[in-house]
Asks: 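Submitted below is the structure of interest, expressed as structure tokens.
The sequence lines fix the lettering, A, B, ..., with proteins before strands; numbering per chain opens at 1.
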2 protein chains.
Amino acid sequence: MSCVKEQLKGEVKKPVVDLKDPLRSLNISGKDIGNMIYTDLLPWSKNGAEETKMFLDQVMNILYEFMHKSNDRSSKILDFHHPDQLMEVLDLSIPDQPQNLDQILVDCKDTLKYQVKTAHPRFFNQLSNGCDTISLAGEFLTSVANANMFTYEIAPVFILLEHVTLKKMRDIIGYENGDSILCPGGTISNMYALLAARYKMFPKIKSEGIRAIPEQLVLFTSEHSHYSIMSAANVTGIGIDNCIEVPCDNAGHMLPEELERLVKEALKCGKKPFFVNATAGTTVFGAFDPLNAIADICEKYGLWMHVDAAWGGGLLLSKKYKNLRFKGVERADSVTWNPHKLMGVLLQCSTVHFKENGLLYQCNRLGADYLFQQDKHYDISYDTGDKVIQCGRHNDIFKLWLAWRAKGTEGYGKQMDRFMELTEYMIKKLNAQPDKFWIIVPKPECTNVCFWYIPERLRKMPHSQEKERLLGQITPILKGKMMNSGTLMIGYQPQGKLPNFFRNIISNQAVREEDIDFLVDELDRLGKDL
Amino acid sequence: MSCVKEQLKGEVKKPVVDLKDPLRSLNISGKDIGNMIYTDLLPWSKNGAEETKMFLDQVMNILYEFMHKSNDRSSKILDFHHPDQLMEVLDLSIPDQPQNLDQILVDCKDTLKYQVKTAHPRFFNQLSNGCDTISLAGEFLTSVANANMFTYEIAPVFILLEHVTLKKMRDIIGYENGDSILCPGGTISNMYALLAARYKMFPKIKSEGIRAIPEQLVLFTSEHSHYSIMSAANVTGIGIDNCIEVPCDNAGHMLPEELERLVKEALKCGKKPFFVNATAGTTVFGAFDPLNAIADICEKYGLWMHVDAAWGGGLLLSKKYKNLRFKGVERADSVTWNPHKLMGVLLQCSTVHFKENGLLYQCNRLGADYLFQQDKHYDISYDTGDKVIQCGRHNDIFKLWLAWRAKGTEGYGKQMDRFMELTEYMIKKLNAQPDKFWIIVPKPECTNVCFWYIPERLRKMPHSQEKERLLGQITPILKGKMMNSGTLMIGYQPQGKLPNFFRNIISNQAVREEDIDFLVDELDRLGKDL
């Protein structure tokens with residue numbers, strides 16, 4: 001026991017756990033929980049409270065170690081193995097017999113050993129990354145509460161938090177009333193908007209199906225928009241050929257005159273245009289479509305206007321960027337906005353907002369009285385089950401609300417301004433080395449920085465389509481080198497006629513100028529001889 | 001400092017935290033993190049590792065307290081307040097300025113104070129409940145890893161775990177090959193099945209929409225089935241009138257002869273039947289449809305057969321109950337199975353399985369090369385992004401895999417047998433007091449026990465429709481009394497002609513015989529004078 005106390009005294013002076021051996025205190029208080037199995041814990045063992053705490057404390061130590069490494073710039077982002085290699089290194093099998101708690105802890109450690117550190121300050125790969133500690137605390141609480149979100153009856157506080165938080169978001173968008181819902185990701189959020197539009201304009205479809213409408217429905221979205229709009233056309237039975245892609249300018253903005261031309265063309269062919277998706281922050285370029293111009297066309301032709309701000313939505317929290325990017329957003333009928341992107345809320349957290357109240361309910365309600373009783377002893381207007389296309393729904397609100405409480409709206413505003421400041425810093429850095437980097441979008445509207453890296457052998461070659469082709473071949477090779485070195489992660493993709501190029505994303509609150517400096521140097525170190 | 005050490009010594013002897021005041025050690029190591037704000041933590045402060053651990057340790061203390069209370073039979077399940085009351089008691093507002101960490105911890109405590117303890121052994125209200133400690137550890141790790149599930153690139157181990165675990169589930173169903181995906185809930189899982197069936201039989205719909213098919217599509221599901229099938233008919237543009245409800249026998253089983261009659265009738269009207277949903281564990285009665293008889297009809301008429309085993313699926317893990325309930329399941333084209341129900345995995349965790357490999361990919365793929373590059377340096381057959389209707393997808397696999405590792409398949413089998421044993425115990429208890437309880441389904445096929453409670457004044461009245469009507473009036477009143485007393489939670493609903501009755505669910509691994517005994521007595525205590 002005395003040696004155990006010594007260990008704990010050590011921890012008082014230096015509360016961060018011994019990261020080299022988070023399992024070392026398995027044996028505190030004289031119990032060896034490592035040899036125990038799950039039935040020794042709550043809820044299986046009535047008296048398992050102490051063992052449960054000991055076990056979860058050990059899990060937490062493993063997690064602290066991972067968080068610590070994720071925030072340590074000298075640690076690797078990933079230790080890449082090909083799928084077949086990883087299958088060999090790890091024992092992922094499902095056993096017939098229970099594994100003891102030691103093995104479960106080893107399973108946790110091994111999983112994290114090979115997991116990509118998406119919170120590492122040099123992970124610039126995805127729109128969602130980072131690990132916001134407050135949001136993390138929220139997700140821990142959410143897990144323990146394990147409550148489904150269909151009724152006030154079983155999730156009273158969480159349901160009220162949805163009301164308060166979604167109302168705040170609608171206020172920021174500029175909706176006076178309206179309604180909103182949290183969804184499992186932006187793709188489903190966008191589909192909700194399409195469903196609401198379809199119901200609003202053709203309510204018969206709910207009962208009779210699409211064949212109740214004599215004309216073919218068509219919808220419009222820009223060629224740079226997210227594929228979720230096309231996916232929604234597929235799922236809802238409209239068909240992807242009837243999701244018409246509107247051309248963009250070179251910076252990725254939908255051309256309103258092209259939209260109008262295509263709407264007219266569809267009408268001339270006897271089709272029924274009904275829905276336009278405008279993007280506020282495209283996936284690749286981060287471009288914001290001209291909302292007012294699109295709203296004018298939607299009004300003129302009686303079309304539902306949706307704004308997919310899944311990615312760019314966070315900028316609504318910055319006075320400066322709301323003003324610069326979102327003029328006209330309040331004219332939209334619906335808006336998708338994903339807090340799990342720029343706002344740094346842990347996955348998943350996506351919202352969709354509607355100007356008209358009651359529509360979600362009318363559109364999706366199926367009158368399943370056996371689940372959503374109308375004769376409860378409380379005000380059932382708070383129950384959400386009848387307005388969603390899910391039945392059970394994960395609690396995605398608490399981690400958002402808690403993070404917002406911790407930062408305040410002003411803190412969130414600063415976060416957005418800071419992201420944009422870092423983006424400008426990166427553009428400056430790349431501009432300073434024009435022989436090594438070719439910037440594709442010189443003035444990014446979100447934190448997307450799109451560029452090619454130019455290896456030494458191509459630096460003298462004037463820029464041309466042929467050079468772009470060659471750079472496009474180098475991009476995936478350089479990405480492979482990044483992954484093997486484990487020092488940097490940046491995504492790449494083609495876009496239209498542009499062959500593979502890098503798209504760098506800043507949405508991790510850990511990123512600093514030094515990380516951008518590193519990025520620029522590291523690309524050169526890994527790529528110059530390609 | 002010495003007093004701090006004393007506190008810690010106390011913890012060594014009694015590691016469970018002081019549940020009365022989990023905030024008391026905020027001030028350890030001389031730092032008062034309570035007055036700090038989020039920017040003092042990782043990732044905002046580079047040197048915030050210690051403070052981050054201290055903060056999260058405090059959060060964990062609050063969570064341990066909640067878990068402890070949830071497992072304490074003498075504590076209340078809920079402290080019910082009406083929505084307007086709760087809004088008054090709690091400060092749920094979104095502030096402009098950051099709140100300090102003390103306030104964030106208070107927010108966590110307050111939220112849990114009014115949250116329903118869904119893991120309490122006397123919470124029998126929902127299909128998903130309990131708090132499986134191993135699965136909880138898995139969800140904690142998932143939160144910290146914060147990885148999206150679209151590619152092997154950023155979620156290598158998790159993607160492999162999906163392969164291994166979903167393959168195991170298909171093996172258990174009896175599929176030799178096939179494909180599967182994890183979804184945000186059973187409703188979306190069932191919709192995936194409908195989409196795959198629609199694509200398989202009418203691939204043109206993907207590009208041209210439903211109007212490409214000359215006949216009206218119709219699908220079939222029993223009148224006792226979950227409303228998600230109807231929801232899928234709405235979303236996919238088929239229309240809810242074309243989702244035909246097949247009559248059931250008194251125990252809630254679909255009548256195969258009625259199914260065949262309705263299929264013939266639809267054909268005679270020039271409609272195009274294409275999909276049949278059979279339920280394995282209905283929401284209210286827990287009934288299992290006759291799978292082989294339904295499969296015969298599907299084969300005869302060339303219809304896609306789906307099995308919605310969202311609820312009953314867990315029983316596949318018991319040799320005894322697999323044999324009793326699931327004969328013919330391997331003949332289905334697709335199966336929904338929610339580990340977040342009987343298997344006790346934390347919300348959300350739902351799976352859908354397909355007999356045919358490749359179909360999910362063909363059905364949902366949109367060729368978004370800008371997200372799912374085809375020229376990566378690893379085997380991209382592991383990437384899942386192109387086969388789902390979401391883009392980002394939450395990591396729902398780790399908590400399932402970890403729980404399965406801890407229990408082994410045998411442990412899960414025992415869990416299922418135990419649930420059924422407790423269900424039989426409850427039926428016996430109710431049968432022993434026929435004056436107080438009227439059992440609606442005498443031989444439950446899952447853990448659903450459906451009954452009316454009979455107050456003293458009605459005990460002499462012979463059972464009749466009029467008596468059922470009166471009992472149906474009492475049910476919601478008794479439920480209100482339960483919620484106000486906070487001692488018991490049981491769901492209720494009408495079903496067909498049967499007015500409101502209780503449906504008791506056992507899917508919490510904390511439940512013991514003593515809890516059933518309590519339930520029976522408590523209903524009588526609360527209800528006898530109604």
Asks: Closest approach of Leu92(A) and Trp401(B), non-hydrogen atoms and distance?
Replies: O-NE1, 2.8 Å
Asks: Checking Asp132(B) against chain A: side chain, backbone, both or neither under 4.5 Å from a heavy atom?
Replies: both
Asks: Between His81(B), Met483(B), Met67(B), which has the largest tally of heavy atom pairs under 4.5 Å with chain A?
Replies: Met483(B)
Asks: Would Ser231(B) and Met191(B) satisfy side chain to side chain contact (heavy atoms under 4.5 Å, CB included), going step by step from the backbone distance to the final call?
Replies: CA-CA 8 Å; Ser231(B) 169; Met191(B) 189 167 80; over 6 Å; no
Asks: Taking side chain as everything from C-beta outward and backbone as N, CA, C, O, which of these in Tyr114(B) sits under 4.5 Å from a heavy atom of chain A? Side chain, backbone, both or neither.
Replies: both
Asks: I'd like to verify something: which residue of Ser143(A), Gly130(A), Gly480(A), Ala403(A) has the highest number of heavy-atom pairs under 4.5 Å with chain B?
Replies: Ser143(A)
Asks: A side-chain contact here means heavy atoms from C-beta on lying under 4.5 Å apart; do Pro476(A) and Lys376(B) qualify?
Replies: no
Asks: Can you tell which part of Ala119(A) gets under 4.5 Å to a heavy atom of chain B, answering side chain, backbone, both or neither?
Replies: neither
Asks: Which atom pair, heavy atoms only, marks the closest approach of Ile134(B) to Ala406(B)?
Replies: CG2-CB, 3.7 Å
Asks: Does any non-hydrogen side-chain atom of Pro184(B) lie less than 4.5 Å from one of Gln390(B)?
Replies: yes
Asks: Go through the atoms of Leu90(B) and report whether side chain, backbone, both or neither lie under 4.5 Å from a heavy atom of chain A.
Replies: side chain
Asks: Of the non-hydrogen atoms in Pro83(A) and Leu160(B), which two are nearest, and what is the gap between them?
Replies: O-CD1, 3.9 Å
Asks: Which region of Tyr382(B), side chain (C-beta onward) or backbone (N, CA, C, O), has a non-hydrogen atom less than 4.5 Å from a non-hydrogen atom of chain A, or is it both or neither?
Replies: side chain
Asks: Among Gly186(B), Gly392(B), Ala212(B), Ala155(B), which residue has the highest count of heavy-atom pairs closer than 4.5 Å to chain A?
Replies: Ala155(B)
Asks: Which one wins on heavy-atom pair count under 4.5 Å against chain B: Ile37(A), Thr409(A), Leu161(A)?
Replies: Thr409(A)
Asks: Measuring heavy-atom distances to chain A, does Ile477(B) have an atom under 4.5 Å in its side chain, in its backbone, in both, or in neither?
Replies: neither
Asks: Measure distances from Thr165(B) to the heavy atoms of chain A and classify the residue's part below 4.5 Å as side chain, backbone, both or neither.
Replies: both
Asks: Give the member of Cys108(B), Ser128(B), Gly411(B) that has the highest number of heavy-atom pairs under 4.5 Å with chain A.
Replies: Cys108(B)
Asks: Counting the benzene-type ring for Trp, do His377(B) and Phe80(A) have ring centres under 6.0 Å apart?
Replies: yes
Asks: Show your reasoning for whether side chain to side chain contact (heavy atoms under 4.5 Å, CB included) applies to Leu217(B) and Ile205(B).
Replies: CA-CA 11 Å; Leu217(B) 301 182; Ile205(B) 289 179; 4.0 Å; yes
Asks: For residues Thr133(B) and Trp44(A), determine if any side-chain heavy atom of one lies less than 4.5 Å from a side-chain heavy atom of the other.
Replies: yes
Asks: Could you look at Phe140(B) and say if it's the side chain, the backbone, both or neither that has a heavy atom under 4.5 Å from chain A?
Replies: both
Asks: Do Asn234(A) and Tyr227(A) pass the side-chain hydrogen bond (donor to acceptor under 3.5 Å, both in side chains) test, and can you show the C-alpha distance, the side-chain angles, and the key distance before you say yes or no?
Replies: CA-CA 11 Å; Asn234(A) 177 24; Tyr227(A) 72 95; over 6 Å; no
Asks: Among Asn484(A), Asn125(A), Asn500(A), which residue meets the side-chain hydrogen bond (donor to acceptor under 3.5 Å, both in side chains) test with Lys479(A)?
Replies: Asn125(A)
Asks: Please identify, among His340(A), Lys206(A), Glu208(A), Glu139(A), the residue contributing the most non-hydrogen atom pairs under 4.5 Å to chain B.
Replies: Lys206(A)
Asks: Within the distance-only criterion (no hydrogens, no angle test), does the side chain of Arg198(B) pair as donor or acceptor with the backbone N or O of Val235(A) below 3.5 angstrom?
Replies: yes
Asks: Tell me, side chain or backbone of Lys407(B) under 4.5 Å from chain A's heavy atoms, or both, or neither?
Replies: both
Asks: Where does Ser93(B) contact chain A at under 4.5 Å (heavy atoms): side chain, backbone, both or neither?
Replies: both
Asks: Highest number of heavy-atom pairs under 4.5 Å with chain B: which of Thr118(A), Val59(A), Asp96(A), Asp84(A)?
Replies: Asp96(A)
Asks: Is there a donor-acceptor contact under 3.5 Å linking the side chains of Gln126(B) and Asn148(A)?
Replies: no
Asks: Examine whether an atom of Ala147(B) lies under 4.5 Å from a heavy atom of chain A, and if so say whether it belongs to the side chain, the backbone or both; otherwise answer neither.
Replies: both
Asks: Is there side-chain contact between Tyr64(A) and Thr52(B), with heavy atoms separated by less than 4.5 Å?
Replies: no
Asks: Quick one, Asn71(B) with Phe66(B), criterion side chain to side chain contact (heavy atoms under 4.5 Å, CB included). Give me CA distance, side-chain angles, the key distance, then yes/no.
Replies: CA-CA 9 Å; Asn71(B) 281 280; Phe66(B) 185 76; over 6 Å; no
Asks: Against chain A, label Lys204(B) side chain, backbone, both or neither, depending on which of its atoms sit under 4.5 Å from a heavy atom there.
Replies: neither
Asks: Check whether Leu41(B) gets within reach of chain A through its side chain, its backbone, both or neither, counting any heavy atom under 4.5 Å.
Replies: side chain
Asks: Heavy-atom pairs under 4.5 Å with chain A - which of Ser207(B), Ser70(B), Ala145(B) has more of them than the others?
Replies: Ser207(B)
Asks: If you count heavy-atom pairs under 4.5 Å between each of Val157(A), Thr187(A), Asn146(A), Val116(A) and chain B, which one has the most?
Replies: Asn146(A)
Asks: With side chains defined as the heavy atoms from C-beta onward, is the minimum distance between Leu136(B) and Leu346(B) less than 4.5 Å?
Replies: yes
Asks: Using a cut-off of under 4.5 Å on heavy-atom pairs, state which of Met230(A), Met60(A), His163(A) scores highest against chain B.
Replies: Met60(A)
Asks: Does any backbone or side-chain atom of Leu112(B) lie under 4.5 Å from a heavy atom of chain A? Answer side chain, backbone, both or neither.
Replies: side chain
Asks: Just give me the residue among Ile210(B), Leu78(B), Leu141(B), Asp379(B) that pairs up with chain A most often, heavy atom to heavy atom, under 4.5 Å.
Replies: Leu141(B)
Asks: Heavy-atom pairs under 4.5 Å with chain A are the metric here; pick the option from Arg405(B), Lys168(B), Gln115(B) that has the most.
Replies: Arg405(B)
Asks: Let me know if Ile94(A) has heavy atoms under 4.5 Å from chain B in its side chain, its backbone, both or neither.
Replies: both
